[in-house]
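Structure, as structure tokens:
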Amino acid sequence: MKTSAADPLAHIPPLSERRLALRVTPDALRALRGGHPWLFDRAIVSQSGDGQPGDLAVIFDDRRRFVAIGLYDPTSPIRVRVLHHGAPEPIDRTWLHSRLSEAAAWRASLPENGTTGYRLVHGENDGLPGLVIDRYDDTLVVKLYSAAWVRWLARVRDVLDEVCPASRVVLRLSRDLLRQPQHLCDLADGTVLAGPRPEGAVLFTENGLRFEADVLRGQKTGFFLDQRDNRARVEKLAAGLRTLNVFAYSGGFSLYAARGGAPEVVSLDASAPALASAERNFALNHHLQPVAAARHTVLAADAFAALADLRGRGRRFDLVIVDPPAFAKQESEVRGAIEAYGRLTGLALGVLAPDGTLVMASCSSRVSAPVFFEAVNRAATETGRPLREIDRTGHPIDHPVRFPEGAYLKCLYATAP
Ligand code: SAH
């Protein structure tokens, strides 16, 4: 993989040799020893000096024994993201190589099954907190959730070239990071770190279906890779069912429903560009007979208003999929999120034909699975259509869960009388 003449990382200051030494509260010590990847600012009792984002910080116990080492980030309340705990270990190129290799090996089965778009590195849950790497065929998208990774980027790119060679590497930055440009060393969201700049969307496959992803500007890194297993499940349910896909984005669930034999599929989303992408994704799969046979339409509207409107107009569907954005990004939003899940359940049931199938998903990590399932069931019962559950699902293999806060995705399958 060649980088262009002007390497966008050439001006990034080198990694510092400095190690910060930290002492922390007994509670934090216990959590770190238990493998938790986060140390919050409020849990730091003493610190050997000031640090820059990306410095390595070593956490010691009262007897000066090594507990953990991680990336220091003075810009975040998650002050240290732990890279390693237990016995001391150098955090060097070899270490990064083995972390990335392990992550790649864990996903080795996916490309064999017609999937070239998947998450290669899932942050904390792959031992690389704050770092997400998604693969879209021969394009890799590196997404940072902490300023601490900026000075590590050149090393990440180098090691990736060995572990998962690709023709292009694109950088994406989280919303929080974009709010702190002073720590980004002039890197912009969508900077191409290696290879040619993509002209338009990149193409990849998921379970044999073709999709495009706008890796430079699309939501997340261009596609919601975490719903692959739920989409495959929807395909199995969809034969003969008039299907409504609410919060459809680029039509992932819609295409699977069509391939599964849904005669009619409506993709509803507030984003017109996302729906245009859904239409292109249908066109990409027109060679598949059931996809060509399905009548696909898009509806650009607010989901809450549109569901009420469809109900009023007497539109009914046999399969309704509801996969909203994360409603609770912080603790203060949890109550509102639970209420919204209830409201959406009622609205979805309003357009669901008798004995139709409802698929309700949530990606809010702050709303736990039991609380979500209870909110959906309660709302359904209140509308007089208590759900008959088929299944509850969680994470796919490329989005492993290795600490409690890592569990965010849950999905309920049910029918309603
Ligand atoms: N189901 C999709 C992912 C959904 S992500 C998939 O499998 O790919 C959430 C989507 O909700 C985004 O596409 C966003 O544009 C859309 N959205 C957010 N708020 C909305 C609203 N109020 N009404 C309709 N769509 C909304």
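Both backbone and side-chain heavy atoms feed into the values below; hydrogens, waters and symmetry mates do not.
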For [Y], is there any backbone N or O sitting under 3.5 Å from a side-chain donor or acceptor partner on [X]?
X	Y	result
Arg335	Ser332	no
His399	Arg119	no
Glu333	Lys329	yes
Tyr136	Phe223	yes

Measuring from atom [atom1] of [X] to atom [atom2] of [Y], what distance do you get when rounded to the nearest 0.5 angstrom?
X	Y	atom1	atom2	answer
Leu387	Asn377	CG	CG	5.0 Å
Asp269	Asp302	CG	CG	10.5 Å
Arg151	His183	CZ	NE2	11.0 Å

N-O pairing of [X] and [Y] below 4.0 Å:
X	Y	answer
Asp229	Arg233	no
Arg228	Asp398	yes
Arg388	Asp355	yes
Asp158	Arg155	no
Asp134	Lys220	no
Glu331	Arg366	yes
Arg343	Glu339	yes
Arg107	Asp126	yes
Asp73	Arg81	yes

- Residues Ser250 and Glu212: side-chain donor-acceptor under 3.5 angstrom: no
- Message: Could you check whether Gln52 and Asp55, counting side-chain N and O atoms only, form a donor-acceptor pair closer than 3.5 Å?
- Response: no
Considering all heavy atoms, the nearest [X]-[Y] contact:
X	Y	answer
Ser254	Ser267	OG-OG, 2.6 Å
Asp391	Thr393	OD2-CG2, 3.9 Å
Trp95	Ser98	O-OG, 3.0 Å

- Between Tyr249 and Phe224, does the ring centre distance come in under 6.0 Å? yes
- Is the cationic atom of Arg99 (NZ for Lys, CZ for Arg) positioned less than 6.0 Å from the six-membered ring centroid of Trp152 and within 45 degrees of its normal? no
